[in-house]
Amino acid sequence: MDTLAKLQILSGAARYDASCASSGSKREAPSSGTGNTSQSGICHSWSDDGRCISLLKILLSNDCRYDCAYCVNRSTNAVERASFTAREVVDLTLDFYRRNYIEGLFLSSAVMQSPDVTMERMVRVVESLRTEEHFGGYIHLKIIPGCSSELVRKAGLYADRISVNIELPSQVSLQRLAPQKHKDSILEPMALIGREIHSSLVERKADRRAPRFAPAGQSTQMIIGASPENDFQILRLSQGLYKKMNLKRVYYSAYVPVSADNRLPVLAAPPLLREHRLYQADWLLRFYGFSAEEILSDDLPNLDETFDPKTAWALRHPEFFPVEINRADYLTLLRVPGIGVTSAKRIIAARRFSAITPEGMKKIGVVMKRAKYFITSSGRGFERADRTPALIRQQLLLGDGIVAPPPRQLVFPGLYA
Amino acid sequence: MRAMNRYLYDGTADGLLSAIAWILEEEPDPLLVALSEREDTLFEDGFFIGTDATQAESLFFRLRKQAPDAAHTIYSFMLAEKEGMETSLLHYISLVFKHGDKVNGYLTHSAVLDIVSIAKKAGRELHRMKGLLRFEKLRDGAYLAKMEPDHNIIHPLAYHFRTRLRAQHWFLYDVKRRTAARWSNGSLQFGTIEQFTTPALSDDEKKVQAMWQTFFKTIAIPDRKNARLQKSNMPMKYWKYLTEKQGE
């Protein structure tokens, strides 16, 4: 099989991995080689689904021993199999990089003979890129659960980011849908990576020449909508991963039906709105000072479809509002629907010079569509005072011209009845 | 008789900066002063300030020292080649010397808003082109990238690739402005190109391009097709030179 045919199979097999970030690492170009990384990351194209392409995202092989129900590459699925040689991946990466198609390589793989054999072959590819070709571009390497910690350590020395996919949000679902994967074999390398990143940072403080370990941190991904967990469970899991394992990112991937396995729900379409709301809530956890328990609860275990999670929180907490934009601190401003990190920073920077008026808000680029119901400027409201949450709710809906979203209820054929 | 607070300059970047330096020195309140490019009409109203490259340079040097962020904003603003913004720039620079780098937060001031938003747009296109630029390998082994950006970003773009692709020999060509950058054997040069003839591609170039086109197609998830999102992230004006968008 020629490289082009392999590329078609092995990029098609990798497209369900959501991560494409190339940010968070600042690597200088090697003096004799090619490539560096940019702290902010660079998108090189946007594919037909509108997602950013920044890395050559491929599997080393799709020839899988495992039989995970949700996965297109599971051993019982009748798809064409292919495997790259290390040389092919190295050449593709360099050919693409030199033409500025990509920021670097994202390499994952199906589990071939064993986790160790697979991981070793993956590590050999990036080792060759770094040490023989002196490649300085971005590398994201997947860790195959169950491989030796020796290989995890080696991976972290060559890659900018490494990640272990948590796949499903609970042990029960993992057992049901991915019987060959175990929770411990996923969490163990995550913890190991967390420790290695930490100790590398400590060593580099003492000695700038100490080796870096996965400088862009670790991330993970879980599939949304292939198993019955609610959003509250998912958000609490993410919160734990951010707090305890120091993860940089958790990616959520709306389940795209790739098989007719009777363990899987029947979906009319991938739950894209749910995925979107989870990303919004994830942002609230990471940048807005919210906790999972503020966003959802046992009584309210799923995210609102009509409103973004922050607006939904604001409507439940009328006592918090209105917020006075000329006095409120940063974290309070961040709680206002429609005011994000950029707007909050701009408000604080601008009010140093003079009090901000409603016109001033427009000038500095704050979108008032939602914010206007929740703020005052020097004591004056932007909309008529004493609005009830019910009224605001209605206004927001009519003003936004929101079309009723499609129902999210999944059908689990006979399984969870 | 000339008006007290109207000034003119010759239309060059050096002329602009030296006029601003002169006004900041001589005028008690530069925020009440207007500055514009001299047009050769008989009835022009205003006092002409001659160009002094040393003055221009020393102004920019002082800016860089006192307010590096603002100096960077001015640099990006200049890439936009926007006409008719001289007065805003004069007021902005006068505010920079009063408030330092904090001035970029003073977006409720219209001069600051003007300069910062134009600079942001130029910066955004520069960042975008770092991703969207496409090189083609030529028969002699050099790489060529053609582009038609809205802003005059060839200099900072070349600096980006000077470190990134230092091991290869490459050209950037701004088709609309007919300017070019050339990196070879460790030296970077800029110039203009009077007549451009497309050089022959290397033998394996079409093969590599076909691989990229294949990758581009298969990496999209068919169930999630979203042409609108694709276009808003990657406006169609950039498609002309994108390898993956040829033949669309």
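Per chain, numbering begins at 1; letters A, B, ... match sequence-line order.
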Next on the checklist: Contact between K217(B) and S47(A) at the side-chain level, heavy atoms closer than 4.5 Å - yes or no?
Outcome noted: no

Item to check | Polar side-chain atom of R164(B) near backbone of A29(A) as donor-acceptor pair, under 3.5 Å | outcome: no

Next on the checklist: Does atom CD (E80(A)) have a neighbourhood of more than 12 heavy atoms from anything else shown, all under 6.0 Å?
Outcome noted: no

Next on the checklist: Once you measure the plane-to-plane angle for F353(A) and H99(B), does it fall in the parallel (<30°), tilted (30-60°) or perpendicular (>60°) bin?
Outcome noted: perpendicular

Item to check | Residue pair L92(A) / F215(B), side-chain heavy-atom distance below 4.5 Å | outcome: no

Checklist entry - Within a radius of less than 6.0 Å around NZ of K65(B), do more than 12 heavy atoms belonging to other residues, nucleotides or ligands occur? => result no

Checklist entry - In terms of heavy-atom pairs under 4.5 Å with chain B, which of F96(A), W46(A), Y16(A), Y97(A) leads? => result W46(A)

Next on the checklist: Take a 6.0 Å sphere around CD of Q189(B) and say whether it holds more than 12 heavy atoms from other residues, nucleotides or ligands.
Outcome noted: yes

Item to check | Partner chain A: residue of L133(B), N104(B), L165(B) with the largest heavy-atom pair count (under 4.5 Å) | outcome: L133(B)

Checklist entry - How would you list, by chain and number, every residue that makes a side chain to side chain contact (heavy atoms under 4.5 Å, CB included) with L229(B), sequence neighbours excluded? => result N226(B), S232(B), N233(B)

Checklist entry - More than 12 heavy atoms of other residues, nucleotides or ligands under 6.0 Å from CZ of R87(A): is that the case? => result yes

Next on the checklist: Walk me through whether T243(B) and R99(A) qualify under side-chain contact (heavy atoms from CB on, under 4.5 Å).
Outcome noted: CA-CA 10 Å; T243(B) 313; R99(A) 288 162 179 79; over 6 Å; no

Item to check | Electrostatic pair E275(A)-R224(B), nearest N-O below 4.0 angstrom | outcome: yes

Checklist entry - Is there a donor-acceptor pair under 3.5 Å between the side chain of K363(A) and the backbone N or O of T108(B)? => result yes

Next on the checklist: With chain B as the partner, which of I356(A), I364(A), N36(A) has the greatest number of non-hydrogen pairs under 4.5 Å?
Outcome noted: N36(A)

Checklist entry - If you count heavy-atom pairs under 4.5 Å with chain B, which of T37(A), T3(A), L4(A), T34(A) comes out on top? => result L4(A)

Checklist entry - With a 4.5 Å limit on heavy-atom distance, are the side chains of I42(A) and H160(B) in contact? => result yes

Next on the checklist: If I measure from the heavy atoms of chain A, does Y143(B) come under 4.5 Å with its side chain, its backbone, both, or neither?
Outcome noted: side chain

Item to check | Expected output: side-chain D223(B) to main-chain A269(A) donor-acceptor under 3.5 Å | outcome: no

Checklist entry - Does G131(B) offer a backbone N or O that forms a donor-acceptor pair with the side chain of H44(A) under 3.5 Å? => result yes

Item to check | Approximate separation, where rounding is to 0.5 Å, of T218(B) OG1 and L7(A) CG | outcome: 6.0 Å

Checklist entry - Given a strict heavy-atom distance threshold of 4.5 Å, which part of F161(B) is in contact with chain A: side chain, backbone, both, or neither? => result side chain

Item to check | Residue L272(A) versus chain B: region with a heavy atom under 4.5 Å | outcome: side chain

Next on the checklist: Are the side chains of T214(B) and Q8(A) in contact, using a 4.5 Å heavy-atom criterion?
Outcome noted: yes

Next on the checklist: Sub-4.5 Å heavy-atom contacts with chain A: which residues of residues 114-126 of chain B show up?
Outcome noted: K120(B)

Checklist outcome for this item: When the 4.5 angstrom heavy-atom criterion is applied to R352(A) and chain B, the contacting part is side chain

Checklist entry - Does the distance from a Lys or Arg side-chain N to an Asp or Glu carboxylate O, for E136(B) and R98(A), drop under 4.0 Å? => result no

Checklist entry - Will you find, in the side chains of S45(A) and E244(B), an N or O donor that is under 3.5 Å from an N or O acceptor? => result yes

Checklist entry - Would you say the side chain of Q230(B) lies within less than 4.5 Å of the side chain of D48(A), judging by non-hydrogen atoms? => result yes

Checklist entry - Should M211(B) and D95(A) be marked as a side-chain contact (heavy atoms from CB on, under 4.5 Å) after you check the CA-CA gap, both sets of side-chain angles, and the distance that decides it? => result CA-CA 10 Å; M211(B) 300 245 222; D95(A) 277 342; over 6 Å; no

Item to check | Derivation of the side-chain contact (heavy atoms from CB on, under 4.5 Å) call for Q209(B) and Y101(A) | outcome: CA-CA 10 Å; Q209(B) 292 188 0; Y101(A) 300 163; 3.6 Å; yes

Checklist outcome for this item: Okay, L56(A) and chain B: the region with an atom under 4.5 Å from a heavy atom over there is both

Next on the checklist: Does I219(B) form a side-chain contact (heavy atoms from CB on, under 4.5 Å) with R15(A)? I'd like the steps, not just the answer.
Outcome noted: CA-CA 5 Å; I219(B) 203 65; R15(A) 67 186 168 212; 4.1 Å; yes

Checklist entry - Between I221(B) and chain A, which part of the residue has a heavy atom less than 4.5 Å away: side chain, backbone, both or neither? => result both

Checklist entry - Do you know which of E103(A), E359(A), K362(A) has the most heavy-atom pairs with chain B at a distance under 4.5 angstrom? => result E103(A)

Item to check | Euclidean distance, K130(B) NZ relative to S38(A) OG, rounded to 0.5 Å | outcome: 6.5 Å

